[in-house]
Protein chains: 2
Amino acid sequence: MGKSATKDSDVARSTITAPKLAAKWRKLAEARCAAANERLTPARLAAYAELLASKRPVSAYELIALMEDRQQRKIAPLTVYRHLDFLTRVGLVHRLESTHSYLPCDHPEHAHESQYLLCSSCGHADEVESKPLESILNKIADQRGFQPENTVVEIKGLCASCATSDSD
Amino acid sequence: MGKSATKDSDVARSTITAPKLAAKWRKLAEARCAAANERLTPARLAAYAELLASKRPVSAYELIALMEDRQQRKIAPLTVYRHLDFLTRVGLVHRLESTHSYLPCDHPEHAHESQYLLCSSCGHADEVESKPLESILNKIADQRGFQPENTVVEIKGLCASCATSDSD
DNA sequence: TGGCGAACGTTATAACATATCATTTGAACC
DNA sequence: GGTTCAAATGATATGTTATAACGTTCGCCA
Ligand SMILES: [Zn+2]
Ligand SMILES: [Zn+2]
Ligand SMILES: [Zn+2]
Ligand SMILES: [Zn+2]
């Protein structure tokens, strides 16, 4: 079947819409996927673009809603969870454990553990890149013969602007 | 109604069963609650005792099952979540964000943030108390004008014994 | 012994995540 | 071009974690 091109489903698939994605991020995504020997499909890229377009971390189900709105079709949770697994696996996205949400990495040039300051008032997530923190975490593990695979650091509290506006 | 003592419900309530709780832990619990000006009820103590008796971190629903087995009656999720909120609030219990589970603090004499090494193979949770780690986390927040309220540090990987038995 | 706030119970539902199995896709090879 | 195979996706169902809403009981204190 289907000698002809463009069945309806082909059209639907090939026209996955997504927020505009700056060339910089697309290049990075391609580079990370090539490095990891993984495929960067349109659906995966669309999920990534949606996260990049969001001002805040989004939950998996918020991402589903965003993509359904954009694409005007139903998307199963599993689909989005698979995209998120993929994006975190290749290092383009971090998961925030304490808020069950996801956001694009601020500097995905190199793989690293996630370290965040999370404002409980405005929801802002500030990615930290602290070598000293990294090394002390490694030291702690090392001293105990522990082999780290993945480390979560999430400092929750009030960001500078919320702290100043709230106090007094 | 109820002029007499001991209705059935009184009996049920007053005979909440729980794992045996060493005097040391009971004293600590009482001290922490007094300090926080909170009530240490039988149900809360029973939940704490169950966590202490467990060899591993347990999820809220595992705790429900444990308590239902012990007490031979239905317990609603909300009830146990309230006990867990209480226990974490007074500093007797920590929540592991990355595994959605709970475990008693190893040194609840003083309040502190949770810092753990979590073995993904055997499930063991090793509580760390690192002042240097604490101070660098504070410094990171400080430099950015961030007011920390609560910090999550969870190093996931292989514990010493799992690492040696797995490798090679 | 009445008032009051904390704790608890009951029911329902929201939010987060995965299992299973069928189908489609796309690159590799012939 | 056609075959093959693994990866990705889709569809449906279910499992797990967490909270909302509201009424009742408990324990302290005036
Ligand atoms: Zn990052
Ligand atoms: Zn803020
Ligand atoms: Zn502790
Ligand atoms: Zn282990």
Side-chain angles (χ1 to χ4, degrees), chain A residues 1-16 33-34 36-48 57-68 71 73-90 95-102, chain B residues 1-16 33-34 36-48 57-68 71 73-90 95-102:
Chain A
M1 313 296 123
K3 71 176 203 310
S4 69
T6 59
K7 291 174 300 184
D8 279 358
S9 63
D10 289 338
V11 173
R13 200 79 38 77
S14 66
T15 55
I16 286 181
C33 291
N37 205 25
E38 297 259 20
R39 294 184 204 161
L40 185 61
T41 66
R44 288 169 165 182
L45 196 59
Y48 184 44
V58 297
S59 74
Y61 279 75
E62 286 168 348
L63 180 55
I64 291 171
L66 288 170
M67 294 184 72
E68 285 181 340
Q71 304 185 23
R73 65 191 185 96
K74 271 282 163 201
I75 298 181
L78 187 51
T79 301
V80 162
Y81 276 103
R82 286 194 279 225
H83 296 332
L84 289 170
D85 282 350
F86 165 80
L87 292 168
T88 55
R89 192 166 62 241
V90 299
R95 168 183 162 88
L96 300 179
E97 294 292 346
S98 60
T99 56
H100 301 176
S101 60
Y102 303 81
Chain B
M1 38 225 55
K3 71 172 206 305
S4 67
T6 61
K7 292 175 299 186
D8 278 0
S9 63
D10 288 338
V11 174
R13 201 82 36 77
S14 67
T15 56
I16 286 180
C33 292
N37 205 25
E38 296 259 22
R39 295 184 204 160
L40 184 61
T41 67
R44 288 168 165 183
L45 196 59
Y48 184 44
V58 298
S59 76
Y61 280 76
E62 286 168 348
L63 181 55
I64 290 170
L66 289 170
M67 295 184 71
E68 284 181 339
Q71 304 185 21
R73 67 193 184 96
K74 271 281 164 203
I75 298 181
L78 189 49
T79 301
V80 161
Y81 276 102
R82 285 195 279 226
H83 294 155
L84 290 169
D85 283 351
F86 165 80
L87 292 167
T88 55
R89 191 165 64 240
V90 300
R95 169 183 162 88
L96 300 179
E97 294 292 345
S98 61
T99 57
H100 301 177
S101 60
Y102 304 81

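Numbers restart at 1 for each chain; the letters A, B, ... are given by sequence-line order, proteins then strands. These numbers come from a predicted model, not from an experiment.
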For [X], what residues pass the salt bridge (charged side-chain N to carboxylate O under 4.0 Å, His left out) criterion, not counting sequence neighbours?
| X | answer |
| --- | --- |
| R89(B) | E38(B) |
| E62(A) | none |
| R95(B) | E97(B) |

[X] to [Y] - nearest heavy-atom pair and separation:
| X | Y | result |
| --- | --- | --- |
| I16(B) | A46(B) | CG2-CB, 3.6 Å |
| V90(A) | A36(A) | CG1-CB, 3.9 Å |
| L63(A) | A47(A) | CD1-O, 4.2 Å |

N or O in side chain of [X] less than 4.0 angstrom from [N] OP1/OP2:
| X | N | result |
| --- | --- | --- |
| H83(B) | dC8(C) | yes |
| T79(B) | dG9(C) | yes |
| T41(B) | dC26(D) | no |

- Rounded to 10°, tell me the angle between the two end axes of the helix from dT1(C)-dA30(D) to dC30(C)-dG1(D), each built from five pairs.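 The two end axes of the helix from dT1(C)-dA30(D) to dC30(C)-dG1(D) meet at 30°.
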- Query: Which residues satisfy the side-chain hydrogen bond (donor to acceptor under 3.5 Å, both in side chains) test with Q71(A), sequence neighbours excluded?
  - Reply: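 Per chain and number, Q71(A) pairs via side-chain hydrogen bond (donor to acceptor under 3.5 Å, both in side chains) with R73(A).
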- Message: Restricting to side-chain hydrogen bond (donor to acceptor under 3.5 Å, both in side chains), what partner residues turn up for S101(A), sequence neighbours left out?
- Response: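 Applying side-chain hydrogen bond (donor to acceptor under 3.5 Å, both in side chains) to S101(A) gives T99(A).
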- Message: If the condition is side-chain contact (heavy atoms from CB on, under 4.5 Å), which residues does L66(B) pass it with, not counting sequence neighbours?
- Response: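 If we apply the side-chain contact (heavy atoms from CB on, under 4.5 Å) test to L66(B), skipping adjacent residues, the hits are E50(B), V58(B).
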- With B for base contact, S for sugar-phosphate-only contact and - for none (protein heavy atoms under 4.0 Å), nucleotides 16-22 of chain C reads BBBBB--
Starting from [atom2] on [N], measure out to [atom1] on [X] and report it in whole angstrom.
| X | N | atom1 | atom2 | result |
| --- | --- | --- | --- | --- |
| E68(A) | dA11(D) | CD | P | 11 Å |
| L87(B) | dC8(C) | CG | P | 10 Å |
| K74(B) | dT10(C) | NZ | C1' | 13 Å |
| R89(A) | dA7(D) | CZ | P | 11 Å |
| F86(A) | dA8(D) | CZ | P | 8 Å |
| L40(B) | dC28(D) | CG | C1' | 16 Å |
| N37(A) | dA28(C) | CG | P | 10 Å |
| Q71(A) | dT9(D) | CD | C1' | 13 Å |

- Atom pair OH/CG of Y102(A) and L87(A) - distance to nearest 0.5 Å: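 It is 11.0 Å, given to the nearest 0.5 Å.
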Check nucleotides 3-6 of chain D for protein N or O atoms closer than 3.5 Å to its own N or O atoms and list the pairs.
none

- Query: Does any N or O in the side chain of E68(A) come within less than 3.5 Å of the main-chain N or O of I75(A), such that one atom is a donor and the other an acceptor?
  - Reply: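 Looks like yes, one N/O pair under 3.5 Å.
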